[in-house]
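Beneath this line is the structure, given in structure tokens, with notes to follow.
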Protein chains: 2
Amino acid sequence: MKRDLTTEGKIKEAATRIFITKGFNGCTTREIANESGTNVALVNYYFKSKGQLFDQIISSVVKEFTLSLIDVFKSNMSLINKMRILIEKEFEFLSKYPEIPNFIINELGKKDKSFFDCLDIATEIQNTKIFEEVATAQANGEMRRIDLVSLMLLLMSNCHFPFMAKPMIKAIHSMEDEQYTEHLMIHKQYVTEMLINYLFPNR
Amino acid sequence: MKRDLTTEGKIKEAATRIFITKGFNGCTTREIANESGTNVALVNYYFKSKGQLFDQIISSVVKEFTLSLIDVFKSNMSLINKMRILIEKEFEFLSKYPEIPNFIINELGKKDKSFFDCLDIATEIQNTKIFEEVATAQANGEMRRIDLVSLMLLLMSNCHFPFMAKPMIKAIHSMEDEQYTEHLMIHKQYVTEMLINYLFPNR
DNA sequence: ATATTTTTTAAACACTTGTTTAATAAGTCT
DNA sequence: AGACTTATTAAACAAGTGTTTAAAAAATAT
């Protein structure tokens with residue numbers, strides 16, 4: 001716990017933690033105030049409203065999340081290795097912030113297109129030339145011809161869902177946290193192998 | 001819209017619809033009352049509380065959902081064809097109730113093990129002998145050796161996530177509802193091919 | 001028809017919600 | 001030092017929450 005933060009920082013830190021785990025409707029301004037060691041008036045003093053605080057936080061989280069992707073896209077590897085590292089990094093990132101997939105799906109789903117345009121991550125990804133790289137690899141016959149939406153869906157499905165389903169699987173199979181985390185590492189291998197095999201049939 | 005329902009039925013119908021799309025915290029007793037053409041007192045008259053109404057509904061939904069799985073498990077096909085049909089049925093079911101994956105993940109995650117035990121679906125699935133069938137297929141070398149948790153995760157990840165991510169993908173790629181639904185059918189083919197190839201390498 | 005139970009209604013309850021107010025404290029500047 | 005801005009606090013606000021009450025209406029039984 002960092003204790004030497006400004007009041008604004010303490011509020012944002014607590015709010016981030018709480019919003020990610022409980023969502024916008026799952027918590028209250030007072031909970032954020034208490035958890036940050038402040039009070040409700042201060043929350044609105046620095047952020048005007050619960051909604052504006054939330055929008056600010058969701059932007060930060062999405063930005064930070066996509067940065068880890070962009071790093072891989074810009075790197076100097078072959079496409080197949082980029083894919084491997086991408087999956088690796090995804091599991092690494094999500095192990096650290098397991099609630100983020102749920103957060104993204106639930107809360108980003110409520111926002112409309114204008115919100116995504118403001119974040120301006122589309123152009124940043126465009127600049128990495130990853131799409132061109134995929135296109136040429138598909139033209140080569142090196143990579144399976146599959147559209148970008150499905151490619152993104154395959155990757156996200158297999159990386160994000162296992163973290164989203166954790167509470168459910170734990171309850172169904174009577175597993176402990178540690179046990180499930182352990183299993184996720186095994187699952188990562190399956191996912192990597194399956195996706196690479198499918199996307200690069202002539203590897 | 002069925003109009004010739006009993007009062008209790010009208011409440012349950014409206015509550016099911018609303019709970020599935022907005023979750024427990026995302027709606028109010030008054031919304032359920034209005035939407036069902038009744039009033040708040042009647043909701044509590046028939047269901048005692050919002051919480052008990054919710055538990056009753058979530059049980060029904062999970063039961064109905066797992067029934068479609070059990071039907072496939074009990075059928076008379078080869079394991080590989082069961083897998084194909086399973087994916088087919090999953091996409092079919094989820095096309096009809098696209099909000100259910102999110103509902104299950106979000107709301108079932110809050111419940112503890114005792115709740116799942118009450119539903120008693122584990123034994124019902126056990127009775128289909130599907131697990132034994134998988135075990136022998138793996139012993140045969142017909143199927144890849146992979147544990148049941150990962151098998152379940154692979155299937156659910158690739159079937160459920162595309163429906164959960166619909167609002168996000170729509171916003172990112174500026175797609176319309178119809179266009180995304182169309183794409184889901186293409187994606188289903190990818191998912192089927194990928195999973196079958198991976199799980200049955202010597203097909 | 002009368003009595004009794006079940007269903008429906010409108011109003012109220014106690015509590016929580018996000019937000020604002022007005023007063024006080026702390027900090028900054030000349 | 002005092003004047004002025006910024007930060008913090010406790011209290012209040014109006015609106016919304018789940019739930020309950022008590023009375024009326026409808027249905028059922030005697």
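These values consider heavy atoms only, across backbone and side chains, with no hydrogens, waters or symmetry-generated copies. Each chain gets a letter, A, B and so on, in the order its sequence line appears, and its residues count up from 1.
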B:Ile11 CD1 to C:dT7 P, straight-line distance once rounded to whole Å = 12 Å

B:Leu79 side chain near B:Ile130 side chain, heavy-atom distance below 4.5 Å | yes

Please determine which of B:Asp177, B:Thr181, B:Asn102 meets the side-chain hydrogen bond (donor to acceptor under 3.5 Å, both in side chains) test together with B:Lys166.
-> B:Asp177

Grab the CG-P distance between B:Asn34 and D:dG16 for me, whole Å please.
-> 13 Å

Between B:Glu107 and B:Lys110, is the closest basic N to carboxylate O distance under 4.0 Å?
-> yes

Would you mind reading off the distance between B:Lys48 atom NZ and C:dT7 atom C1', rounded to a whole angstrom?
-> 17 Å

Rounded interatomic separation in angstrom, taking CD from B:Gln52 and C1' from D:dG18 = 13 Å

Members of residues 25-33 of chain B that approach DNA chain D, where some heavy atom sits under 4.0 Å away | B:Cys27, B:Thr28, B:Thr29, B:Arg30

In whole angstrom, what separates A:Tyr45's OH from C:dT19's C1'?
-> 16 Å

Starting at NZ of A:Lys50 and ending at C1' of C:dT16, how long is that distance when rounded to a whole Å?
-> 12 Å

Nearest listed nucleotide, side chain of A:Ala41, among D:dG18, D:dA10, D:dT20 = D:dA10

When the distance from CG of A:Asn44 to P of C:dA22 is rounded to whole Å, what number comes out?
-> 16 Å

Return the nearest nucleotide to the side chain of B:Asn39; candidates are D:dT8, C:dT9, D:dA11.
-> C:dT9

Euclidean distance, atom CG of residue B:Leu42 to atom P of C:dA10 [Å, nearest integer] | 10 Å

Short side-chain N/O contact to C:dT8 OP1/OP2 from B:Thr7, under 4.0 Å = yes

Would you say a side-chain N or O of B:Tyr46 is under 4.0 Å from OP1 or OP2 of C:dT8?
-> yes

Distance-only side-chain donor-acceptor flag, B:Asn106 / A:Asn106, under 3.5 Å = yes

Basic-acidic side-chain contact under 4.0 Å: B:Lys22, B:Glu99 | no

Within the structure shown, what part of the strands sits under 4.0 Å from B:Thr38 by heavy-atom distance: base, sugar-phosphate, or nothing?
-> nothing

side-chain hydrogen bond (donor to acceptor under 3.5 Å, both in side chains) with B:Ser150: of A:Gln189, A:His187, A:Lys188, only one passes, and it is A:His187

Quick one: are B:Met77 and B:Arg84 in side-chain contact, heavy atoms under 4.5 Å?
-> no

Yes or no on ring-ring contact (aromatic ring centres under 6.0 Å, His included) for A:Phe54 and A:Phe19, after CA distance, side-chain angles and deciding distance?
-> CA-CA 8 Å; A:Phe54 184 76; A:Phe19 275 143; 4.8 Å; yes

A:Lys111 charged N/C atom sitting above A:Phe116 aromatic ring, 6.0 Å / 45° | no

Bending between helix ends of the helix from C:dA1-D:dT30 to C:dT30-D:dA1 [5 pairs per end, 10° resolution] = 0°

